[in-house]
There are 2 protein chains.
Amino acid sequence: MGRRATIREVAELAGVSVATVSRVINGAAVAPETAARVGEAVAVLGYRPNGVGRSLKTASSRLIGVLIPSLANPVFAEAVDGIAEGVDGSGYSLLFGASDYRRDRERAGIEALLRYRVDGLVLTVADAAASEVLDLIEAVEVPYVLVYNPAGDHRRPTVTVDNRAAGRAVAERLIGLGHRRLGMIAGRLADSDRARARHAGFAAAAAEAGLPAPTLREVPFTAPGLEPVLAEIFAAPAPPTALFCSNDMLAIAAVAALGALGRAVPDDVSVVGFDGIAIGTLVHPSLATVVQPSRELGRTAAQQLLGRLSGEGAAASVILPHVLRHGKSVGPAAKHSPTASPASNLPAHSLVTRTSTP
Amino acid sequence: MGRRATIREVAELAGVSVATVSRVINGAAVAPETAARVGEAVAVLGYRPNGVGRSLKTASSRLIGVLIPSLANPVFAEAVDGIAEGVDGSGYSLLFGASDYRRDRERAGIEALLRYRVDGLVLTVADAAASEVLDLIEAVEVPYVLVYNPAGDHRRPTVTVDNRAAGRAVAERLIGLGHRRLGMIAGRLADSDRARARHAGFAAAAAEAGLPAPTLREVPFTAPGLEPVLAEIFAAPAPPTALFCSNDMLAIAAVAALGALGRAVPDDVSVVGFDGIAIGTLVHPSLATVVQPSRELGRTAAQQLLGRLSGEGAAASVILPHVLRHGKSVGPAAKHSPTASPASNLPAHSLVTRTSTP
DNA sequence: GCGCCGATTGTAAACGATTACAGTGTGAAT
DNA sequence: ATTCACACTGTAATCGTTTACAATCGGCGC
C-alpha cells in the first residue's frame, strides 16, 4: 500500500497549518484565498483524509455494522441492499458480517464489529427476546435496530412485519379454502423467533377454528434433502392437505420435493411460503406467500438507526405491512380428502412426526 | 455509546504498564503470572482493544473493501457470501459498498472504502480494461482482486470464468439444435465487460457457422418492462428462434415476457441464461444456462487477496470452470419456423399455464 | 566480587486527524 | 492615538494503540 499524503504534507505545501487544512476539509470558516491554496495542495497530492485518524480523535467511526444470517437467502440480501440504500449519502459505511444462522458465529461476528467501534448496528438475531449478543450490545451501549425479529415484550427496537398476524392470516385463508388438516415446516424454532411467531399465529387460528394442532416439523436452515422429511409427514395416518413453510426458500424446495414424491401442488397439497422473494412469482406453480417489504424493512431500519445516531431520541419499533400474495400453489382442499392408508402399511418411523404444542 | 475501558485503565488495574498489556493482548512474551493479572483486569473491565487506535498505529486496518453492482442479483449476493467465507478466520472484516451498476456510484463507493484505508479490495467493475476506479486504486496502490470481470489483455488480477468460451458454447449448442437465427439481450454493454465477452463468443461462433450476426438488444440493468423490447424483436421480419440473455435475471424475465406475448418457450423460442442462480432450476420451464461457481468465485478472490496481503507476491488471475446446464427452456428449432405472428392461433394464457412434470 | 546475559517490564514517541485556546492583524469607534 | 471587536490562523494537546529503546534484576561464570 503506497504512502498516502497526510494532512501535514498538505499543510506544508499550502504554506498553512494543519489546523487550517482540517478546517478547509471540514468546511469551517477560512479565508477564501487560503481555502483555494489548500484545495490546490489537496489536489496536487491526491490527499484523502485518513478516516482512521479522524475516527480516533472524534470517537466516531462513521461505520454501521450489519449482521445477518446469510446472504444466500434473497430475503436478507434484499434487506442489506435496502440498508445500503438507507445509509446512502449519510456518510456512514457498512461493515458486514454473516452468522450463518449459528449463535456462536453471531457472537463472533458482533465481537468483530465492535472491535471496529461501529457507531451503530442493524441486525437479525436468532432470538430477540433471549439474546446473548443483544445483551452484549446493550452492555456496551451501541445503538442498534433489529430487522425481521418480531417485536415482542422485549422492548428492543425492531423493524419488521407482524409475523404472528401473518401466520394467522395464512391459516385463516387455508381454512377458508376448506383445509382441515394443516402442517408447517420451519427452520429450527429455537434459532428463529420469527418462525416461532409465524407458527404461533398459524396454530392459534387453527385452534380457534376447532382444528387439531397443525403438524410441525423443524428442519435445518440449509436443508439439503427435504424429501425424506416430507415423505414422513405424508406417510402419517391423516396427513395435512396444506403446508405452511416458514420461508420461501423452504417452500420452493418443498414444492419440488413434493413433486418428486408424486404429490401434486396444489391438487394434492397446498403450499404457502413466507417472505415474498422475487422468485416466488416465477416458479411453477407460482408460490402463494406472505410478502414482506424486505428492501423497505432494511431501509427503514437504517433510517431509524441514523435518526438515533443524530440524537433524535431512541429508535422506535416499526411494523410494516405484509400482504398475502395469491399464488397457484394453494387451492381448495381436495373434495375427496385422501383417506389414510391402513396402519399396517406405515413404517414405524413415521410416528416420530411431532405435533405442535401451542 | 458508552465509554469503553482503554488499555491504560487495564494497565492501571493490573498494576503494569500499557506496553505489557499490549504484549499480553498480542501474545508477546510476558511472565505467566503477569499475563494472568492482566487477563483478569481485562475480564473485569470488559476491555476490548480499540481497532481504530490499533489501525492508526500499525497502518493496517484489517479491513477488506467489497464493491459490487447490487445485492439484488443473487449472483452477487452469493459471491459476497463466498468472500465472507474466504475471509473467515483471517482476522479481516468486510467493508461493503454497492454501485448499483452506475459508474459514478462506483467511484463514490471506492472513495468511501479508501477513506477507511482498507487493506485490500474485492470488486466487480463495469469495465476492467478501461476503469477509472481501477486506475485510482492502482494509483494509491491498494491490492485488489476483481471478480466476474473477464480476464483480458489488461493485466489485472481477476477471478472469473471464461465468459467468451461460455458464450461460444451457448451458440454452438443452439446451432447444434438447428437454430439459425440467434438473438441476444444484455444489460448495457458499455457498462458490462462480461456481457461484452459473452456476446463476443456468441457472435464469433455464429459467424463461424456461417450464420447472420445475432440480433443484439441492450436493456437497462434493472429492466422494468422487457415486453416492449421483445415485442419489437419478434415483430422483425425474421425473428430469432433462440435468445441468449446475458444473465439469469434477464432470462427469467424474458421467459415471462415471452409468455405474455404468446410465445411459448421452448416451442417457439429457446432461451438461455447466464450465471446459474439457484432459482433457474425451479422456474418453469427450467432455465438452460451457463453455471458459474459464484460462491467459489468469491471465496477464491478473497483467498487470492489474502495471499497477496500476507506478502506472497502478486495475486494471479484465476479462471474457474463453468458448465452448461441443460434446461427445459431450450429445444430444437421449430421445423416450421414461425414467420407470421402465431399469437392469433393461441390464447396467451394457455401458454403460461402448465402443469408440473415431476 | 565483577561483569555480563537473558528475561521481563517500563518510558515515551509515534500514527493522522480534530479542536480548545491563543495569537495576529485589520478597521472602526472614541 | 488608543482601544476594541472581529476575522482568521497557528500551537499544541489529545484520541488508543504499538513498539523501539532503555532500565531493572537475578543469576552465572570466572
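In what follows, chains are A, B, ... by sequence order, proteins preceding strands, each numbered from 1.
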Trainee: Quick one: list whatever passes side chain to side chain donor-acceptor pair (under 3.5 Å) with A/Glu12, sequence neighbours left out.
Mentor: none
Trainee: Please tell me if the side chains of B/Gln292 and B/Leu320 come closer than 4.5 Å, counting only heavy atoms from C-beta onward.
Mentor: no
Trainee: Please name all residues satisfying side chain to side chain donor-acceptor pair (under 3.5 Å) with B/Ser61, sequence neighbours left out, ordered by chain then number.
Mentor: B/Asp119
Trainee: Just to verify, what does A/Asp193 make a side chain to side chain donor-acceptor pair (under 3.5 Å) with, not counting sequence neighbours?
Mentor: A/Asn149
Trainee: Would you mind writing out the side-chain donor-acceptor pairs for residues 87-97 of chain B within the sub-3.5 Å range, not counting sequence neighbours?
Mentor:
unit_1  : atom_1 : unit_2   : atom_2 : d
B/Asp88 : OD1    : A/Arg105 : NH2    : 3.3
B/Ser90 : OG     : B/Val87  : O      : 2.5
B/Ser90 : OG     : B/Tyr92  : N      : 3.2

Trainee: Could you check how far CD of B/Glu9 sits from C1' of D/dT17, rounded to whole Å?
Mentor: 14 Å
Trainee: It should be established whether B/Arg54 places a side-chain nitrogen or oxygen under 4.0 Å from OP1 or OP2 of nucleotide D/dT18.
Mentor: yes
Trainee: Work out how much the helix from C/dG1-D/dC30 to C/dT30-D/dA1 bends between its end axes, five pairs an end, to the nearest 10 degrees.
Mentor: 60°
Trainee: Only counting residues at least two apart or in another chain, list the ones meeting side chain to side chain donor-acceptor pair (under 3.5 Å) with A/Asp153.
Mentor: none
Trainee: Only distances under 3.5 Å count here; give the side-chain donor-acceptor pairs of residues 304-311 of chain A to other protein atoms, sequence neighbours excluded, each with its distance to 0.1 Å.
Mentor:
unit_1   : atom_1 : unit_2   : atom_2 : d
A/Gln304 : OE1    : A/Ala316 : N      : 3.1
A/Ser310 : OG     : A/Leu306 : O      : 3.1
A/Ser310 : OG     : A/Gly307 : O      : 3.1

Trainee: For residues 33-48 of chain B, pull every pair meeting side-chain hydrogen bond (donor to acceptor under 3.5 Å, both in side chains), keeping only residues two or more places apart or in separate chains.
Mentor: A/Glu111-B/Arg48, B/Glu33-B/Arg37
Trainee: Rounding to a whole Å, what distance do you find between A/Arg4:CZ and C/dG16:P?
Mentor: 11 Å
Trainee: Measure the distance from CG on B/Asn26 to P on D/dG16 and round it to the nearest whole Å.
Mentor: 17 Å
Trainee: Calculate the interatomic distance between B/Ile7 atom CD1 and D/dC15 atom P; express it in whole Å.
Mentor: 14 Å
Trainee: Is any side-chain N or O of A/Tyr47 closer than 4.0 Å to OP1 or OP2 of C/dA17?
Mentor: yes
Trainee: What residue pairs, at least two apart or across chains, pass ring-ring contact (aromatic ring centres under 6.0 Å, His included) with a residue in residues 106-127 of chain A?
Mentor: none
Trainee: With sequence neighbours excluded, give me every ring-ring contact (aromatic ring centres under 6.0 Å, His included) pair touching residues 57-90 of chain B.
Mentor: B/Phe76-B/Tyr148
Trainee: I need the CD1-C1' distance between A/Ile25 and C/dT18, as an integer number of Å.
Mentor: 10 Å
Trainee: Can you build the contact string for nucleotides 10-15 of chain C? Use B for base contact, S for sugar-phosphate-only contact, and - for no protein heavy atom under 4.0 Å.
Mentor: BBB-BB
Trainee: Tell me which residues in residues 30-44 of chain B put a heavy atom below 4.0 Å from DNA chain D, sorted by number, or none.
Mentor: none
Trainee: Looking at side-chain heavy atoms only, is the closest gap between A/Val24 and A/Val42 below 4.5 Å?
Mentor: no
